[in-house]
S.K.: 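There's a structure below that I have some questions on.
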Amino acid sequence: MSSASDVVPGAPGGVVAEEGLAVGGLTFREIADAEVEQVVALWQECGLTRPWNDPYVDLADARAGDTSTVLVAHAEAPAEGTQEDGTEQGAVVATVMAGHDGHRGWLYYVAVAPGRQGAGLGRAAVVAGEAWLAARGARKVQLMVRSANAKVVGFYERLGYADQETTVLGRWF
Ligand SMILES: CC(C)(COP(=O)(O)OP(=O)(O)OC[C@H]1O[C@@H](n2cnc3c(N)ncnc32)[C@H](O)[C@@H]1OP(=O)(O)O)[C@@H](O)C(=O)NCCC(=O)NCCS
């Protein structure tokens with residue numbers, strides 16, 4: 001298993017998410033069937049879902065192919081008693097969806113349980129997604145931030161991301 005120090009964003013190889021990718025004290029793994037409900041609940045709690053995007057379909061699509069995945073990390077076992085923030089032991093506390101087109105990698109659904117935010121888990125989720133992409137040959141990582149969620153731009157800037165001076169255009173089929 002990789003250790004946190006093994007994880008170098010942008011350096012392909014050495015990272016097998018299926019076996020567990022250790023980042024910042026958490027282990028990220030491919031999501032399991034039994035975790036789908038709590039992951040969707042986390043995304044809803046984090047304000048990431050929209051009526052026109054069914055999160056279950058997004059999740060299933062990302063799991064269906066070889067070029068995308070959903071990684072999750074769980075609350076670590078407390079040394080004694082329950083977690084101070086009330087998080088159940090074993091609950092999913094951080095997620096990231098990653099996918100690539102052979103050149104660029106994309107991150108989606110970067111989410112940390114509200115009670116666990118501000119403690120480095122978001123950074124760990126991004127690093128895990130980056131490592132998954134880099135290991136598959138992606139040469140760049142990028143992501144979209146909804147205009148209404150501009151407050152998180154500072155988080156990504158802290159992690160080395162910069163505005164790509166690109167307008168994203170789209171159209172529904
Ligand atoms: C955005 C989110 C993933 C950040 O996770 P987090 O665990 O709170 O962030 P971290 O503690 O890992 O922060 C990493 C660094 O970014 C900084 N940071 C975090 N949020 C920030 C913000 N809004 N503005 C500026 N810096 C920020 C932290 O201070 C920390 O800096 P440091 O490493 O120098 O101490 C989390 O707040 C979240 O789940 N939000 C709701 C869902 C969401 O909006 N996701 C993004 C969709 S594009």
Side-chain angles (χ1 to χ4, degrees), residues 2-10 15 17 21-29 31 35-59 61-62 68-76 78 83-101 104-134 138 140-170:
S2 308
S3 72
S5 58
D6 293 332
V7 179
V8 181
V15 175
L21 168 61
V23 187
L26 296 175
T27 300
F28 284 83
R29 291 194 172 82
I31 186 174
E35 294 164 337
V36 167
E37 288 297 335
Q38 58 169 321
V39 165
V40 170
L42 172 59
W43 291 351
Q44 287 167 339
E45 202 178 359
C46 284
L48 294 180
T49 57
R50 291 294 180 275
W52 55 88
N53 255 4
D54 183 334
Y56 292 97
V57 174
D58 278 1
L59 231 165
D61 286 349
S68 52
T69 190
V70 178
L71 304 178
V72 302
H74 301 87
E76 59 284 355
Q83 309 265 88
E84 276 179 23
D85 61 15
T87 309
E88 272 183 53
Q89 183 182 331
V92 172
V93 292
T95 72
V96 58
M97 179 186 288
H100 69 87
D101 59 19
R104 296 182 187 84
W106 289 87
L107 300 182
Y108 308 87
Y109 290 107
V110 175
V112 174
R116 304 292 296 266
Q117 292 177 5
L121 274 61
R123 178 190 287 274
V126 169
V127 169
E130 289 173 340
W132 191 93
L133 291 167
K140 183 180 182 186
V141 60
Q142 51 194 37
L143 53 92
M144 295 178 280
V145 175
R146 291 193 180 103
S147 305
N149 200 16
K151 64 180 185 299
V152 303
V153 169
F155 162 70
Y156 291 110
E157 286 176 342
R158 193 87 186 106
L159 273 56
Y161 287 69
D163 188 338
Q164 299 298 292
E165 297 179 8
T166 301
T167 301
V168 176
L169 303 180

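Atoms within a ligand are numbered from 1 in the order they appear, just like the ligands themselves.
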S.K.: Supply the atom-to-atom distance Leu21 CG to Arg29 CZ, rounded to the nearest 0.5 angstrom.
M.R.: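 Those atoms lie 10.0 Å apart.
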S.K.: Closest by any non-hydrogen atom to atom 3 (C) of ligand 1: pick that one out of Val145, Leu143, Val93, Val110.
M.R.: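 The option holding the nearest heavy atom is Val110.
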S.K.: Ignoring hydrogens and geometry, is there a side-chain-to-backbone donor-acceptor pair from Ser68 to Gly99 under 3.5 Å?
M.R.: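 Side chain of Ser68 to backbone of Gly99: no pair is present.
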S.K.: Enumerate the atoms of ligand 1 whose separation from the nearest heavy atom of Ala111 is less than 4.0 angstrom.
M.R.: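 The atoms of ligand 1 under 4.0 Å from a heavy atom of Ala111 are 39 (O).
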S.K.: Just need the protein heavy atom nearest to atom 9 (O) of ligand 1, so name the residue and atom and give the distance.
M.R.: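 Looking at atom 9 (O) of ligand 1, the protein heavy atom closest to it is Phe155 CE1, 3.5 Å.
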S.K.: Do Tyr156 and Gln142 have side-chain atoms, one donor and one acceptor, less than 3.5 Å apart?
M.R.: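 No, Gln142 and Tyr156 have no side-chain donor paired with an acceptor closer than 3.5 Å.
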S.K.: If you look at every heavy atom in Thr49 and Gln44, which pair is closest and at what distance?
M.R.: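 Minimum heavy-atom contact is OG1-CG, 3.5 Å.
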S.K.: Closest heavy-atom contact between Leu143 and Trp106?
M.R.: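 That closest heavy-atom pairing would be CA-CE3, 4.0 Å.
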S.K.: Among all protein heavy atoms, pick the one closest to atom 39 (O) of ligand 1 and tell me residue, atom and distance.
M.R.: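 Looking only at protein heavy atoms, the one closest to atom 39 (O) of ligand 1 is Val112 N, 2.9 Å.
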S.K.: Answer with yes or no whether the side chains of Asp58 and Tyr108 bring together a donor and an acceptor at under 3.5 Å.
M.R.: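 Note: Tyr108 and Asp58 side chains miss the donor-acceptor criterion.
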S.K.: So, for atom 35 (O) of ligand 1, does the protein have a heavy atom nearer than 4.0 Å?
M.R.: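 It does not; no protein heavy atom is within 4.0 Å.
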S.K.: Starting from atom 12 (O) of ligand 1, which protein heavy atom do you reach first, and at what distance in Å?
M.R.: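 Atom 12 (O) of ligand 1 sits closest to the protein heavy atom Arg123 N, 2.8 Å.
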S.K.: Specify the protein heavy atom at minimum distance from atom 38 (C) of ligand 1: its residue, its atom name, and the distance to 0.1 Å.
M.R.: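 Checked against all protein heavy atoms, atom 38 (C) of ligand 1 sits closest to Gln117 NE2, 3.3 Å.
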S.K.: Looking only at distances, please establish whether an N/O atom of ligand 1 is found under 3.5 Å from an N/O atom of Val152.
M.R.: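 No; the residue has no nitrogen or oxygen that sits under 3.5 Å from a nitrogen or oxygen of the ligand.
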S.K.: Looking at ligand 1, would Tyr156 count as a contact under a 4.0 Å heavy-atom criterion?
M.R.: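 Yes, Tyr156 has a heavy atom closer than 4.0 Å to ligand 1.
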S.K.: Does the pair Arg116/Glu45 count as a salt bridge with the N-to-O cut at 4.0 Å?
M.R.: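 Salt bridge absent between Arg116 and Glu45.
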S.K.: Could you check atom 44 (O) of ligand 1 against the protein and tell me its nearest heavy-atom contact, residue, atom and distance included?
M.R.: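 Ranked first by proximity to atom 44 (O) of ligand 1 is Asn149 ND2, 2.8 Å.
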S.K.: If we only count N/O pairs under 3.5 Å, is Gly120 in contact with ligand 1?
M.R.: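 Such a contact does occur with ligand 1.
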S.K.: Is it the case that the side chain of Thr95 and the backbone of Tyr109 share a donor-acceptor pair, with hydrogens and angles ignored and the cut-off at 3.5 Å?
M.R.: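 Yes: the side chain of Thr95 pairs with the backbone of Tyr109.
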S.K.: Of the non-hydrogen atoms in Gln164 and Thr166, which two are nearest, and what is the gap between them?
M.R.: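 Smallest heavy-atom distance, with atoms named: O-OG1, 2.8 Å.
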S.K.: Is atom 42 (C) of ligand 1 less than 4.0 angstrom from some protein heavy atom?
M.R.: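 Neighbour list for atom 42 (C) of ligand 1 includes protein heavy atoms (cut-off 4.0 Å).
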S.K.: Would you mind checking which non-hydrogen protein atom is closest to atom 7 (O) of ligand 1, with the distance to 0.1 Å?
M.R.: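 Protein heavy atom with the smallest distance to atom 7 (O) of ligand 1: Gly122 N, 2.8 Å.
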S.K.: Is the side chain of Gln38 donor-acceptor paired with the backbone N or O of Val92 at a distance under 3.5 Å, no angle test?
M.R.: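 A pair under 3.5 Å: yes.
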S.K.: Please work out whether any backbone atom (N, CA, C, O) or any side-chain heavy atom from C-beta onward of Ala119 is under 4.0 Å from ligand 1, and answer side chain, backbone, both or neither.
M.R.: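 The answer is the backbone of Ala119.
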S.K.: How does Val153 reach ligand 1, by side chain, by backbone, by both or by neither, if only non-hydrogen atoms under 4.0 Å count?
M.R.: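 Neither; no heavy atom under 4.0 Å.
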S.K.: Tell me: protein heavy atom nearest atom 25 (C) of ligand 1, and distance?
M.R.: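 Sorting protein heavy atoms by distance from atom 25 (C) of ligand 1 puts Gly154 C, 3.3 Å first.
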S.K.: At what distance is the nearest protein heavy atom to atom 8 (O) of ligand 1, and which residue and atom is it?
M.R.: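 It is Gly118 N, 2.8 Å.
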S.K.: Got a donor-acceptor contact below 3.5 angstrom from the Glu37 side chain to the Glu35 backbone?
M.R.: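 No; judged by distance alone, with no hydrogens or angles, the pair does not exist.
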S.K.: Kindly identify the option in Glu157, Arg158, Lys151 whose heavy atom sits closest to atom 23 (N) of ligand 1.
M.R.: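 Nearest option to atom 23 (N) of ligand 1, by heavy atoms: Lys151.
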